[in-house]
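Read through the structure below, which is laid out as structure tokens, and then see the notes.
Throughout, protein chains are lettered first and strands after them, A, B, ... in sequence-line order, and every chain is numbered starting at 1.
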Number of protein chains: 2
Amino acid sequence: MQEPPRPEHLRFAVLATDTVLITINNGELLVRLVGVNRPPHFVDAKGLPGGLLHPHETAEQATVRHLTEKAHVDASKAYIEQLYTFSNVDRDPRGRVVAVVYLALIPWEKLSAIEKTDTPESWWAPVTQAKKLAYDHDEILAVALARLRSRITYTTLINKLMPREFTLTELEHAYESILKTDLDKRNFRKKILKLGILAPLPHKKSGGRFRPAQLYRFASEKVTEIEVL
Amino acid sequence: MQEPPRPEHLRFAVLATDTVLITINNGELLVRLVGVNRPPHFVDAKGLPGGLLHPHETAEQATVRHLTEKAHVDASKAYIEQLYTFSNVDRDPRGRVVAVVYLALIPWEKLSAIEKTDTPESWWAPVTQAKKLAYDHDEILAVALARLRSRITYTTLINKLMPREFTLTELEHAYESILKTDLDKRNFRKKILKLGILAPLPHKKSGGRFRPAQLYRFASEKVTEIEVL
DNA sequence: GCAAAAGTGTTTGGCATACACCCATGA
DNA sequence: TCATGGGTGTATGCCAAACACTTTTGC
């Protein structure tokens, strides 16, 4: 097989970043998507936010910039960690693009009203419905979710998705929505409290027509490695 | 501060791979190093094997090629997994180079006589003595060792460093040399055997002037995620 | 018989799991 | 008073951790 000819400026690999930006709203895991219109390959398509690296910025800086420019979310408030670098030769039909992909997490609470808004350019989609994405973004999303699932079981990563104050039930629901399993309420509480990563707050959350719930916060902002579940 | 001018062909990021190739010989963790001579920055220096991507190869293919060309080790026999992508703007003083770094593991047993040989071009060094490497390779090696340490505790990754047949004591020593801890012999045996990842062989290893040891092999070539230690 | 490494068992405590009912609140 | 989610304890079994001596072999 002969390689089809490519324009000279695309012959060598070009560096890009893509970002899987995740949040939780109402116990539902959401991912930020953007519209993709790149005829002839992608028309009225959707994908993950991303773009090329500038010559003098790191991949992580490029990620933050593209989230702002394309996803319209201020990523300086988000937690970002590198996920994987995708270098398949044909992952972009227009030319050779290698993508350094980041996983970004942000609590719904930290988003501004505008950032919560869905527009035709960029919007929040339930991860279960983020399918048929452009390029290799279906694969990237799958890798990101697998990593997220794995990491929350042995690190305190979930705190990057939780609001500052939350009840134990809300925390349990967050785990359940990511892991897609049911947890035992009593055992979950015993375990998570024994870890000592939570601090109780002096006030409770009332508002439902039921008993007020004790509020907690994470004792540290840091993501540390301890067996959580 | 003004950026120093750079030659035009280096203004955009160039893609490279570097590889941390690890083996174990005599219970000692070794890493493959190569000579680095890039005046004026690096003279008579040492570093990890690596190099630029060709336009039509993936990063992983480039890693295998560079291991052959520069480290003189046939990497098609090695286990390779992506480690991290380093994109600091100044990691290479000659220009903008982004490196996709791989962790590669190979049992000493699988190396040919030539591949075991040390030359001024490429050699095996105890990881404890691989210091003052060129570029950001000290940092890369540290990340690689941390990853290796972490992964062997919750996956069966160590089998990619073991010979086909080994005794339980040899396996225990492999864990100990990577983790830099002592393990309890009786507890280690109980645990590793209960996991069911090892299969006893019909023969024993004699040769010392002491009791012959039962030989084992890994039941599967695959690296799977189970709590090992 | 001795040096060297192989091989083996028990006790203890802590932790995971399974499981069901009462409590506080607002409507 | 009722509907709703908040909050709690116990019994069981498994597993991790600590710990020392006997066995087999070659010299």
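Each of Gln214(B) and Arg209(B) has a nearest nucleotide on DNA chain C; the 5'-most of these lies closest to Arg209(B). Of the two residues near DNA chain C, Arg211(A) and Asn187(A), the one whose nearest nucleotide lies more 5' is Asn187(A). Positionally, the nearest nucleotide of DNA chain D for Leu193(A) lies more toward the 5' end than for the other of Leu193(A) and Lys194(B).
Nucleotide dG6(D) holds its P atom 16 Å from the NE2 atom of His203(A), rounded to whole Å. If you measure from atom NZ of Lys204(B) to atom C1' of dA5(C), you get 13 Å, rounded to the nearest angstrom. The nearest whole Å value for the distance from the NZ atom in Lys205(B) to the P atom in dA4(C) is 18 Å. Atom CG of Leu229(B) and atom C1' of dA17(D) are 14 Å apart (whole Å). One atom, NZ of Lys191(B), and another, C1' of dA18(D), lie 15 Å apart when rounded to the nearest Å. Between Glu227(B) atom CD and dA16(C) atom P the separation is 12 Å, expressed in whole Å. Atom CD1 in Ile192(A) sits roughly 15 Å away from atom P in dG7(D) (whole-Å rounding). Counting to the nearest Å, the C1' atom of dA5(C) and the CG atom of Leu168(B) are 13 Å from each other.
Using a distance-only test at 3.5 Å, with no hydrogens or angles considered, a donor-acceptor pair links the side chain of Arg91(A) to the main chain of Val97(A). Here the side chain of Lys204(A) pairs no donor or acceptor atom with the backbone of Arg211(A) at under 3.5 angstrom.
Within the model, atoms CD1 of Ile106(A) and CG of Leu161(A) stand 9.5 Å from one another, a figure rounded to the nearest 0.5 Å.
Comparing dA6(C), dT8(D), dC15(C) by their closest approach to the side chain of Arg189(B) singles out dA6(C). Nearest nucleotide to the side chain of Phe210(B), out of dG7(C), dA5(C), dA24(C): dA5(C).
Between Arg151(A) and Glu81(A) there is a salt bridge, since at least one side-chain N of the basic residue sits less than 4.0 Å from a carboxylate O of the acidic one.
The number of heavy atoms from other shown groups lying within 6.0 Å of CG (Asn26(A)) does not exceed 12.
Counting non-hydrogen atoms under 4.0 angstrom, Thr169(B) reaches the backbone sugars and phosphates but no base.
Lys190(A) contributes a side-chain N or O that forms a donor-acceptor pair with the base of dT10(D) under 3.5 Å.
Listed pair Arg186(B) / dA18(D) fails the phosphate criterion, with no side-chain N or O lying under 4.0 Å from OP1 or OP2. Using a 4.0 Å cut-off, no side-chain N or O of Lys185(B) falls inside it from OP1 or OP2 of dG7(C).
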